[in-house]
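The sequence lines fix the lettering, A, B, ..., with proteins before strands; numbering per chain opens at 1. What's counted below: heavy atoms across the whole structure, side chains too, no hydrogens, waters or symmetry copies.
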Protein chains: 2
Amino acid sequence: MATIGDVARVAGVSRSTASYALSGKRSISDEVRQRVMAAVGELGYTPNAGARALATSQTMVIGLLAQFLPDEFAPAMLQYILGISDSARELGYDVLLVTEEDGTRALKRITDSRMVDGVVLLNVAEDDERLPILRTASQPGALVGLPGDCTGVDVFDLDFEEAGRVMVETLHRLGHRELVLVSQPEHVVERGGAYVWRLQNAATEQAALRGMVLHTAFGAAQQPEVGRQLHALLDAHPRATGLLLNNEAAAAALPSVLTERGLRAPQDLSVIGRYSDAFARTFSLPYSSIESAPDRLGRMAVRQLVDRIERKARAGPHVVRFISPELVDRGSTAAPRS
Amino acid sequence: MATIGDVARVAGVSRSTASYALSGKRSISDEVRQRVMAAVGELGYTPNAGARALATSQTMVIGLLAQFLPDEFAPAMLQYILGISDSARELGYDVLLVTEEDGTRALKRITDSRMVDGVVLLNVAEDDERLPILRTASQPGALVGLPGDCTGVDVFDLDFEEAGRVMVETLHRLGHRELVLVSQPEHVVERGGAYVWRLQNAATEQAALRGMVLHTAFGAAQQPEVGRQLHALLDAHPRATGLLLNNEAAAAALPSVLTERGLRAPQDLSVIGRYSDAFARTFSLPYSSIESAPDRLGRMAVRQLVDRIERKARAGPHVVRFISPELVDRGSTAAPRS
DNA sequence: CCCCACCGTCGAACCGGTTCGACGCACGGC
DNA sequence: GCCGTGCGTCGAACCGGTTCGACGGTGGGG
C-alpha cells in the first residue's frame, strides 16, 4: 500500500510538501501540486485512517449506540439507523454501530479509545445509565429521546405531549366523547421510556379539559397478545368511538382486529396512531397518524453533533429540541356515529 | 487523556515495559506488572485505537456494507445487521456500518484507508459491482448472498433451491396438485437477486417431477399492491390449494386477504412462506415457513471472516456454504379439500 | 540598490502505541 | 570459580500521517 512518502518520492518533493499539496493548508505551486496529484493517481494512494487519526485526533467516525432490547418493536429502529447513517455520510463521517447489550461499557470503550469523534444515543431512557459516562467523555453527544437530565448533551425528540393533545383534540373537534388510548408495553415505561407517560398524561389532561372520557391501557409489543388486548378493550368500552395508538404493534394488529369485528375505520371507529410514514407504507396501515419522523430526528441529531465536533464549541449552549407532531391524514377519522 | 507514557512514568518503568506488561507478549515480573496495572487503574488508561491501528495494522473493526434499496422490504435487513453486530462484538470486533448508496465507492474508501480489517457484504447480487473492488482489497471479505463468481471470498446463503423443493414436496405429500408461488418483485430479480430464480426454478422442476401444476408470479414489496395481487392470483387460480410465498410483504398481507375472502389456512388453503421466525413472531404470521435465518447467516459470515483475519489464512481455500432450509411448522398446511 | 515580505518548500518533531535487539543480572552446571 | 543461559527491562526505531519553524529565492517599494 502506498504511503505519503511514496507519493512524495514519485513527485520528487518532501513528505510535508505532498501533505500540504493534498490538504491545501499552505500555498503550493501549481506545478508541484500537479506532480503530487499525478503521483497519487499513479500509486492509487489513500491516506491511512489510523495514522491520520493519530496525527489530527480526528477519526471522522461517529458512534451510534442502539440498544436492541428484548420485546422491543424492532422495525422502527432501522429507520433511525438509516437516517443517521445517511446524514453522517453526507457530512463526511462514517458510523460505528454498537449494539452491545451493556451500553455503558460500550460507550466507555469507544470514547476512551478515541475511535469516534462523537456519539449518538438512541432509545434514551428517563434515567439513562449511559449519560454519566457520556458526560465524562471528551467527545460530544447527541441524544434521540428525552432523559430526565439534559445537561451537557444535545437532545432531540418528538413533542409527545403535544402529540397527545393533538390526538385528543382532533377527535374532540369531530364530536367524539369517549376514547381509548393504547400505549407501549408497561415494561418499556419501567425501563425509563418516559415518552409513554408524556403522551398519555397530556392526552388525559386534554380529555379532562374537554370533558371527554379517555380510557388508557398498555399494549403488548408482540402480535397475538396485542390483538387479543385490542379485542378486549373494544369489548370493555363499547361506547368509545375513537382509538388512539401509541404502539406500533397495536397499529399493525388493528386491521385484522377490525375485520374480525366487522368494523370499519372511520365509519365505525376513528383511529389515530403514532408511527412513521415509512412504517405505514410498508404495512399499508390505513390510519391517520402522528408522524414519528425517525429519519428527521436522526438527521437533526447528526447535524448538531457534527456541528459541535467541528466548531469545537463543546461548551456552547446545549439544545433540547422537540419536533412538533404532524398529523398525517389517511382518512381514518370522522364524526362518530350518532 | 492518559497515554502509555504516563502509565510508564507512574509505574516507574519504560514505555516498552508497560506495553509488555499489558500485552503479556514478554515475561514481566509480578511486581512490575502490578505496578503497571495500578497505574492503569489510577490514570484510567485506555489505549488509543488509532495509534494501535497504526502500529499493528489491525483496527479490530469490520465493515458492514448494507445497501438499502428503494422498494426493498426493510425489516428483514435489521436482523442481519443485529446478528452481525452481536457476533462481531463477541469476537472482539466493532462494526462500521456503511449504507452509502454507491457501495463500490464506500467499499473502496473503507478498505483503502484501512479503517477495517475485513468486510461483510449484505444483499449480494448475481453480478455484484462491489466484488471486483473487494478482490483487489487487501482485507478479506465474507458475503451473505450468492454471486455468480465466488472466487476470493467466503459466501453464505440459504439453499434456495432446496427451499423451493421442500415447499413443493411438502404440499405434494399432503396431496396437493395445484400451487401458486409468489416471488419477490421483478426489479429485485433484475437487480441481480438470483435467489428468486433459484427458488422458483427448483420449485418448478420439482412440481414438474411430481406432475403438479405450479403458477408463478412476482409480488410487489409494498402493501396495497401485494394484497391486490394476492386477491387476483387466488381469483385466477381457483383450483389451487396451496400458496407458496417467497416474499415477506406478501406474507404480511395475507392474513387480511384471507379474512376478506372468508378463507382459513390450512382448511381452505395451505400456505408456506419463507421468512425468519423473528419476523413471524413480530407480525404474528400463522404460516409455516422456511426459516431464512438471517442471524445465523450473519454469524457464520462474521465467524469465517474473523477466522480469516486472524489466521492470516488469506490464501486458504474459500468456502461457499449453504444452510439447508428448515421448515418451521406453524400448522398452516394440511391435505387439500377434496 | 538595498531591504523586507512573502511565497514555496523542506526537515524535523510529534501523535501514541508496538516490537526488536541489546544488556545486566542471577542462577545453575561443570 | 567461570561461563553460558535465560529472565526482566530498557532504548530506539517504526507505523503514516500532520504541522511548525526555518530557509532560500523572488519581487516590489523606498
dT18(C), OP1 or OP2 - any side-chain N/O from R15(B) closer than 4.0 Å?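 False: R15(B) side-chain N/O out of range (4.0 Å or more) of dT18(C) OP1/OP2.
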
Below 4.0 angstrom from OP1 or OP2 of dG17(D), is there any side-chain N or O of S19(A)? no

Below 4.0 angstrom, N of the basic side chain to O of the carboxylate: do [X] and [Y] qualify?
X: D154(B); Y: R321(B); answer: no
X: E90(A); Y: R299(A); answer: yes
X: D86(A); Y: R89(A); answer: no
X: D112(A); Y: R105(A); answer: no

Starting at [atom1] of [X] and ending at [atom2] of [N], how long is that distance when rounded to a whole Å?
X: Q58(B); N: dG17(C); atom1: CD; atom2: P; result: 17 Å
X: N48(A); N: dG16(C); atom1: CG; atom2: C1'; result: 14 Å
X: L54(A); N: dT18(C); atom1: CG; atom2: P; result: 12 Å
X: I4(A); N: dC15(C); atom1: CD1; atom2: C1'; result: 15 Å
X: M115(A); N: dG16(C); atom1: CE; atom2: P; result: 17 Å
X: D112(A); N: dG16(C); atom1: CG; atom2: P; result: 14 Å
X: L22(B); N: dT9(D); atom1: CG; atom2: P; result: 13 Å
X: D6(B); N: dG16(C); atom1: CG; atom2: P; result: 9 Å

Reckon S29(B) touches a base, only the sugar-phosphate, or nothing at all at heavy-atom distances under 4.0 Å? sugar-phosphate

Indicate, with a heavy-atom threshold strictly under 4.0 Å, whether T56(A) touches base, sugar-phosphate, or nothing. sugar-phosphate

Donor-acceptor pair under 3.5 Å, [X] side chain vs [N] base:
X: R26(B); N: dG21(C); value: yes
X: Y20(B); N: dC20(C); value: yes
X: S16(A); N: dG11(C); value: yes

Listed nucleotide nearest any side-chain atom of [X], set [options]:
X: K25(B); options: dT19(C), dT18(C), dC15(C); value: dT19(C)
X: R52(B); options: dG8(D), dG16(D), dG17(C); value: dG17(C)
X: V32(A); options: dG17(C), dT18(C), dT9(C); value: dT9(C)

With nearest nucleotides of DNA chain D determined for S14(B) and A55(B) from heavy-atom distances, which residue corresponds to the more 5′ nucleotide?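 Residue closer to the 5' terminus by nearest nucleotide: S14(B).
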
For T59(B) and R52(B), does a side-chain donor sit closer than 3.5 Å to a side-chain acceptor?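 Looking only at side-chain atoms, R52(B) and T59(B) do not form any donor-acceptor pair under 3.5 Å.
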
